[in-house]
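Residues take their numbers from the sequence shown, with the count starting at 1. Every heavy atom of this structure was used, including side-chain atoms; hydrogens, water molecules and symmetry mates were not.
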Amino acid sequence: LRTEMKVWVDRRHNGGLGMIQGMTSACALLDDFSAAGEWAEFNATMLIQYIHESFYPDGACIELTTAYSASVARQVQQLAYRIREREAIQTARPLFIAMVEWIVHLGRPAGRMPSFGDLYANDAGRSVYPPMLDWLGSDWAKRVLLKGDGPLPEHAVWPSPDQEQWCGYYAMRSGWDPQARYMCIDAGPWGTTHQHGDRLSFVLSAYGADFVIDPSSTKYRNNEPDAFISTQNAAFLHNTITVDGVDETMRDPGNTRETTAPLDNSWKHGDGYSLFTSSYSFAPHRLVKWTRRLVFVGGQYWLLQDVLTGAPEAVDVEQNFQLERGCETVVDGNRVTVRASNGAQLAFVPLDHSLVPLSSFGDRTPHATYWPKPGPDGSAGTYPHGRGWTGRWSNKLVPAPAVTYTGRLSLPATMTTLLVPVGPGQQNTVKAICEPGKDGQVWKLPNGARSLSVTTSPEEIAVGGHGR
């Protein structure tokens with residue numbers, strides 16, 4: 001350990017953290033050895049280096065795989081707590097608070113973290129080390145994660161309005177109870193390891209049910225006769241767009257595994273709304289830019305708008321939504337209603353496009369993908385299965401419904417859809433009104449006793465005077 005640790009810590013590899021844990025145990029067991037003091041000092045130095053180099057300032061681990069990242073965050077908290085009297089750990093308190101904020105805000109209302117990246121993410125409450133919360137004075141985190149007393153978090157959005165964006169996760173919710181409406185979006189770098197083609201993918205939960213999920217994976221290897229192993233990393237499996245059969249690749253311009261400066265995605269908040277906007281380019285495989293816009297209206301529902309612009313006159317489009325296991329789908333024309341086992345529902349209500357919804361459930365048909373990169377001749381590879389699966393970190397995938405809106409659209413094209421969750425026994429009463437305006441289409445969206453005005457064009461979106 002003494003000779004190998006720094007190699008792996010310098011790589012910012014979680015194997016280095018495993019070595020730090022092993023050295024911690026060795027120092028405790030062998031404390032009567034003369035070298036134990038030097039070992040402990042070196043181990044603390046390695047831990048402090050790992051903490052500062054493996055986490056963004058917003059508290060997210062640079063791996064950007066939520067299952068791994070949350071586990072790493074807890075291990076780091078536990079190890080740091082043991083040497084909390086050291087000045088370097090005292091100085092790092094703001095980063096530990098940021099780690100806890102990241103875990104609290106990404107946690108879904110029912111408890112689990114969203115499974116961006118490999119594996120099946122655990123409950124958010126298992127991603128913190130409770131004594132560390134006491135040391136940090138994070139009573140708000142104990143209230144949310146451990147059902148303790150204390151105040152609720154100050155903000156229901158993350159990053160908070162005055163916070164720099166680093167990792168590229170964006171979370172918004174109506175409140176902190178299990179029935180809250182919640183969405184988390186992935187719009188950052190690919191991550192240093194375990195990358196998935198999930199840029200601009202999102203998850204959605206409401207009324208105690210998880211509806212739209214980022215599909216989780218199985219174990220990496222298994223020898224059982226019925227094993228059906230998959231990391232589910234291809235982009236077409238996520239809640240993303242494909243254009244002419246081309247899904248996301250790690251060779252897209254302007255996107256990297258890691259960022260060294262804050263991101264500039266549009267993340268704005270006002271009276272009765274939150275607005276997220278970011279883009280992805282399919283170049284050089286297709287000269288098409290995809291912009292995803294999401295408006296959270298009054299903490300109740302979302303306006304989703306996907307915009308495609310570029311050189312082709314028309315493109316074949318797939319707009320995919322992977323749903324949680326146990327959900328049922330009902331298709332009525334181009335509207336889709338998703339019913340969870342507890343009776344809650346999520347309505348997909350297209351407003352301005354002619355794409356047709358197709359359902360998938362455990363599709364074993366091999367599927368073309370450009371993830372993580374095309375072949376030497378620029379062609380797609382073959383993925384061993386299609387859509388309609390999720391994982392539970394077991395020996396095989398389990399079927400789960402997916403809905404994919406498909407069709408051919410002339411460019412520029414907009415796909416505007418209401419995402420309306422309703423509680424058990426309730427009905428969707430949300431109706432949007434669209435009017436022409438001098439700067440584009442004006443959407444009038446119910447917001448309690450008022451309406452929220454959203455103006456959109458292929459180039460811009462403005463909400464209540466705030467736009468990008």
Side-chain angles (χ1 to χ4, degrees), residues 183 185-186 196-204 210-216 230 232-249 280 282 285-286 288 290-292 294 302 304-308 314-340 345-371 380-391 397-409 413-420:
M183 178 180 284
I185 309 160
D186 184 352
H196 281 216
D198 55 8
R199 179 164 174 82
L200 305 188
S201 184
F202 63 87
V203 299
L204 190 158
D210 296 323
F211 289 104
V212 182
I213 63 168
D214 203 76
S216 44
S230 176
Q232 300 228 92
N233 57 358
F236 74 90
L237 297 168
H238 296 78
N239 306 305
T240 58
I241 296 285
T242 68
V243 174
D244 289 338
V246 176
D247 54 356
E248 297 176 352
T249 80
Y280 172 86
F282 288 94
H285 315 296
R286 291 295 184 275
V288 176
W290 165 36
T291 299
R292 172 155 279 181
L294 282 152
W302 288 265
L304 164 67
Q305 187 173 76
D306 288 324
V307 181
L308 297 176
V315 292
D316 292 323
V317 177
E318 293 179 317
Q319 181 190 43
N320 189 59
F321 301 100
Q322 178 59 54
L323 307 172
E324 179 60 290
R325 177 188 184 185
C327 288
E328 298 178 350
T329 59
V330 177
V331 178
D332 181 10
N334 68 350
R335 295 190 177 199
V336 177
T337 300
V338 183
R339 294 175 178 169
Q345 300 182 32
L346 174 67
F348 290 80
V349 185
L351 300 177
D352 64 355
H353 65 79
S354 59
L355 299 181
V356 176
L358 301 178
S359 298
S360 303
F361 187 79
D363 182 6
R364 287 179 175 263
T365 307
H367 197 287
T369 182
Y370 283 74
W371 180 266
T382 301
Y383 208 74
H385 61 81
R387 298 180 172 107
W389 300 96
T390 189
L397 293 176
V398 292
V403 173
T404 309
Y405 281 87
T406 66
R408 188 164 182 84
L409 297 176
T414 61
M415 295 158 278
T416 309
T417 305
L418 290 179
L419 306 177
V420 185

[X] versus [Y], closest heavy-atom pair with distance:
X	Y	value
P357	G333	CG-O, 3.7 Å
T390	E324	CG2-OE1, 4.2 Å
A340	C327	CA-SG, 4.3 Å
W389	P399	CE3-N, 3.6 Å

Inset, instruction - Go through L237 and H385 one step at a time and tell me if the side-chain contact (heavy atoms from CB on, under 4.5 Å) criterion holds. - result: CA-CA 10 Å; L237 297 168; H385 61 81; 3.9 Å; yes

How about [X] and [Y]: do any of their side-chain heavy atoms sit closer than 4.5 Å?
X	Y	value
P350	R335	yes
D186	D214	no
D316	D244	yes
H238	P215	yes
T406	L355	no
M415	L308	yes
L397	Q232	yes
L304	R292	yes

Legend entry - Sequence neighbours excluded - side chain to side chain donor-acceptor pair (under 3.5 Å) pairs with any residue from residues 348-358: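 Output for this query lists D352-T414, D352-T416.
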
Inset, instruction - Kindly determine whether E248 and W290 satisfy side-chain contact (heavy atoms from CB on, under 4.5 Å), including the steps that lead there. - result: CA-CA 11 Å; E248 297 176 352; W290 165 36; 3.4 Å; yes

Inset, instruction - Taking salt bridge (charged side-chain N to carboxylate O under 4.0 Å, His left out) as the test, write out the residues that go with D363, two or more places apart. - result: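 Here no residue qualifies.
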
Inset, instruction - Taking side chain to side chain contact (heavy atoms under 4.5 Å, CB included) as the test, write out the residues that go with T329, two or more places apart. - result: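 With neighbours one apart ignored, the set is L323, V336, V338, S359, P401, V403.
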
Inset, instruction - Please step through side-chain contact (heavy atoms from CB on, under 4.5 Å) for the pair V315 and R286, ending with a clear verdict. - result: CA-CA 10 Å; V315 292; R286 291 295 184 275; 6.0 Å; no

Inset, instruction - Keeping the roles fixed (side chain from Y383, backbone from W371), state whether a donor-acceptor pair exists under 3.5 Å. - result: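 Such a contact is absent between Y383 side chain and W371 backbone.
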
Legend entry - Donor-acceptor contact present, side-chain S201 to main-chain N239, <3.5 Å: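 Flag set: sc S201 to bb N239 pair under 3.5 Å.
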
Legend entry - Evaluation steps, side-chain contact (heavy atoms from CB on, under 4.5 Å), between M183 and F211: CA-CA 10 Å; M183 178 180 284; F211 289 104; over 6 Å; no

From [atom1] ([X]) to [atom2] ([Y]), nearest 0.5 Å:
X	Y	atom1	atom2	value
F202	W302	CZ	CH2	9.0 Å
Q322	T404	CD	OG1	8.5 Å
T249	F282	OG1	CZ	9.5 Å
N320	T240	CG	OG1	6.5 Å
R339	L346	CZ	CG	12.5 Å
L419	L204	CG	CG	6.5 Å

Inset, instruction - Would you please classify the geometry between the H367 ring and the F236 ring as parallel, tilted or perpendicular, with 30° and 60° separating the classes? - result: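 Because their plane-to-plane angle is under 30°, the rings of F236 and H367 count as parallel.
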
Inset, instruction - Just do the side-chain hydrogen bond (donor to acceptor under 3.5 Å, both in side chains) check on D247 and T369 with the steps written out, would you? - result: CA-CA 6 Å; D247 54 356; T369 182; 2.6 Å; yes

